[in-house]
Amino acid sequence: MARAPSSILSFLRHNHRARQNPNTQIRYLTTETKDSDFTEISQQICKIIRTKPRWEQTLPSDYPSFNFTDPQFFTELLKHQRNVFFSLRFFFWLSSQNGFSPNPVSFNALFTALVEAKACNAAKLLLGHTGFSPDPASLESYIGCLCEGGYVQEAVDVFYRLKGAGVCLSIMTWNAALSGCLKVGRTDIIWILYQEMIECGVVADVETVGYLIQALCVDNNVLKGYELLRQVLVDGLVPGNAAFNKLISGFCKEKNYTRVSELLHIMISKNRGPDNYTYQEVINWLCKKGKGREGLRVFNDLKDRGYAPDIVMYTTMIHGLCTMDYIGEARKLWFEMIEKGYRPNEYTYNTMILGFCKIGSFEEAKILYKEMCDRGYKETTVSYNAMMRGLCLHGRTDEAYGLFTEMPHKGIVRDLITYNTLIQGFCKEGKIVESTNLFRELLTQGLQPSTYSYTPLIEKLCQVGAVQEAKSLWNDMKNRGLEPTFGTQDYIIIGLCDQGDAAEGMEWFLDMLKSKLKPKRKTFGKLVECLSQRDRLDDSLLVLDFMFRAGYTLEEHICYSLVNKLGGENNHFVETCLGEILEGK
DNA sequence: GTAGGGTTAG
């Protein structure tokens, strides 16, 4: 005798054990209930698809008379299923069943749930598999969701879809989009979106301004970012610390410490106290720009004022001290850090290991290296590169090469820096063949060479008189769009002069001036000497003139040879120059 | 969000 639906429900409600068995419940509800209670059933289905691994295969055959493919049932299920991924799986399962035609309402509910759960990949999947279009509000949330996941290009596509439908985004979504673009470094999209934002008539808020300032800094437009800051400060808006910090590190990079200090003062006066990130950037850049002493002073000041440096700041400072070869001080900080309860991590170990390697204390380095491994930190490309660099710096390239050959056996990837380190090491020892081979290997490995791959080779080739090969490497480098590093043209000019090719040396020299580059003192000297030996006195005086203007003086022996050459001439310019030479200007 | 490995020559 079948029980009436209400009595079943009441039975379940009062019978604890029966309630615990979802199968029992569904069997009752689906076989014996005429007007199925969707709410009750979907609650039970939720439980089954959450707990039963192969429900797709068993559910239909277990309950043949229940119509799972009723769209209304899915909507009910969605209401009760907290895990959106189960709902998505159920939706796809339903879609594969005959007789189920998803309706826009359930699609939209599912899409919204996915977006709210920040499951943008799943949302993307759903969108791609159905012909439905979510409602504008969900699409707008979807934009924020995409941006957060770093899919900014897709977010822009959705934006244009909404724009086409005449929908304007809220300031929250605009900000989410800008923030997302910033995270993945797509400032190009930031400016496009900002333009659109203005056209929509949306008023930027303080958060927007913060992102714009950061974007300007990323684009190396620190000054513009600063101007924007000043402008909004007048309006009473104070952007968050992230914007200040970006500006500060931007000005640090440019060595504009006046602005840095001004910004720090603004932060304090606006109750935006500089945080660990702020000071860390300051210390970091001071050290990177060769002002490690000042970096250390800031660091010590902070401690005196009661700021507690964290492990990152300690690592930064230790790194700075190691850069200056103040290993003793670095080591002191190392122990101080441990005393404060921080355990050195992978970064700290690698920094300190390189510090020891650089000054040739390989025994100390090896002890730390072993300690690092014992603590469970794996050997990495970075740790290998550090050891190889140290060895190369001390002329132990064979040992460095030994490590290089060892890397693949340990499953450690060789990267561009690995190759560059060894190329430089071999070049320094005059082992051009080995370097050239490594350079070729780098290319065959599919790595993109950098300026640092070329520079040591160009330098060494010039020194041994192979200027033609050096020039061909130079062209290769330029063709790859790589900017030469400081001094590369100097090597070539000196190489040309050594070969007596004053004419081409002069061409390269003029190119340097055109590019507003300052040749080295040695380059000037060599060129003057070479030109005068070739009796190109006008040119040599011209170079001499630039040399003085660059603030250099002429080496004595070149001075004498020039004076000898000029002996017979008699013009005003020569006299002036000679006068300057003799005055030692 | 933060930190570590490759840049001259003196």
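Side chains are part of it too, since the values below use all heavy atoms of this structure and drop only hydrogens, waters and symmetry mates. Below, read A as the first sequence line, B as the second, and so on, with proteins coming before strands; counting in each chain starts at 1. As the structure is a computational prediction, the values presented were derived from the model and not from experiment.
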- [ ] Could you tell me whether the side chain of A/S540 and the main chain of A/V528 form a donor-acceptor pair under 3.5 Å?
- [x] no

Task: Aromatic A/Y307 / basic A/R305 pairing, under 6.0 angstrom, 45° off normal - done: no

Open item on the list: Looking at every non-hydrogen atom in both residues, tell me the closest pair between A/T348 and A/I311 and how far apart they are.
Closed with: OG1-CD1, 4.1 Å

- [ ] Name every residue in residues 416-439 of chain A that has at least one heavy atom under 4.0 Å from any atom of DNA chain B, in order of residue number, or write none if there are no such residues.
- [x] A/L416, A/I417, A/N420, A/T421, A/Q424

Open item on the list: What contact category does A/K520 fall into here, base, sugar-phosphate, or nothing, at under 4.0 angstrom with non-hydrogen atoms?
Closed with: sugar-phosphate

Open item on the list: Can you pull out the residues from residues 371-378 of chain A that lie within a 4.0 Å heavy-atom distance of DNA chain B?
Closed with: none

Task: Donor-acceptor contact present, side-chain A/R272 to main-chain A/V238, <3.5 Å - done: yes

Open item on the list: Is it the case that the side chains of A/N475 and A/S472 hold a donor-acceptor pair, with the cut-off being a distance below 3.5 Å and no angle test?
Closed with: no

- [ ] Rounded to the nearest 0.5 Å, what's the gap from CE on A/M372 to OG1 on A/T380? Could you check?
- [x] 6.0 Å

Open item on the list: Does either side chain, that of A/E262 or that of A/Y226, offer a donor lying less than 3.5 Å from an acceptor on the other one?
Closed with: yes

TODO: Tell me yes or no: between the side chains of A/K410 and A/Y384, is some donor less than 3.5 Å from an acceptor?
DONE: yes

- [ ] Would you check if the side chain of A/Q499 reaches a backbone N or O of A/G465 as a donor-acceptor pair within less than 3.5 Å?
- [x] yes

Open item on the list: Considering every strand and a 4.0 Å limit on heavy-atom distances, what is the contact class for A/N276: base, sugar-phosphate, or nothing?
Closed with: nothing

- [ ] Describe the nucleic acid contact of A/E459 in one word from base, sugar-phosphate, nothing, applying a heavy-atom distance below 4.0 Å.
- [x] sugar-phosphate

- [ ] Could you tell me whether the side chain of A/T323 and the main chain of A/H319 form a donor-acceptor pair under 3.5 Å?
- [x] yes

Open item on the list: For a quick check of understanding: with a heavy-atom distance under 4.0 Å over all strands, which category does A/S383 fall into, base, sugar-phosphate or nothing?
Closed with: nothing

Task: Residues within residues 298-314 of chain A bordering DNA chain B, heavy-atom distance below 4.0 Å - done: A/V312

List the atom pairs, with distances to 0.1 Å, where a side-chain N or O of residues 282-298 of chain A and a protein N or O form a donor-acceptor pair under 3.5 Å, not counting sequence neighbours.
residue, atom, partner, partner atom, Å
A/N284, OD1, A/K288, NZ, 3.4
A/K289, NZ, A/K253, O, 3.4
A/R293, NH2, A/E329, OE2, 3.2

Task: Side-chain (A/S453) to main-chain (A/N420) donor-acceptor, under 3.5 angstrom - done: no

- [ ] Under 4.0 Å from any heavy atom of chain A: name the first and the last nucleotide of DNA chain B that qualifies, 5' to 3'.
- [x] B/dG1 to B/dA9

Open item on the list: Heavy atoms only, 4.0 Å cut-off, all strands: where does A/S453 land among base, sugar-phosphate and nothing?
Closed with: nothing

Task: Donor-acceptor pair between A/Y342 and A/D310 side chains, under 3.5 angstrom - done: no

Open item on the list: Counting only heavy atoms and a strict 4.0 angstrom limit, can you tell me which residues of residues 483-491 of chain A come near DNA chain B?
Closed with: A/T485, A/F486, A/Y491

TODO: Answer yes if the side chains of A/N385 and A/T418 hold a donor-acceptor pair under 3.5 Å, and no otherwise.
DONE: yes

Open item on the list: Quick check against the 3.5 Å criterion: does A/S179 have a side-chain atom that pairs as donor or acceptor with the backbone of A/N175?
Closed with: no

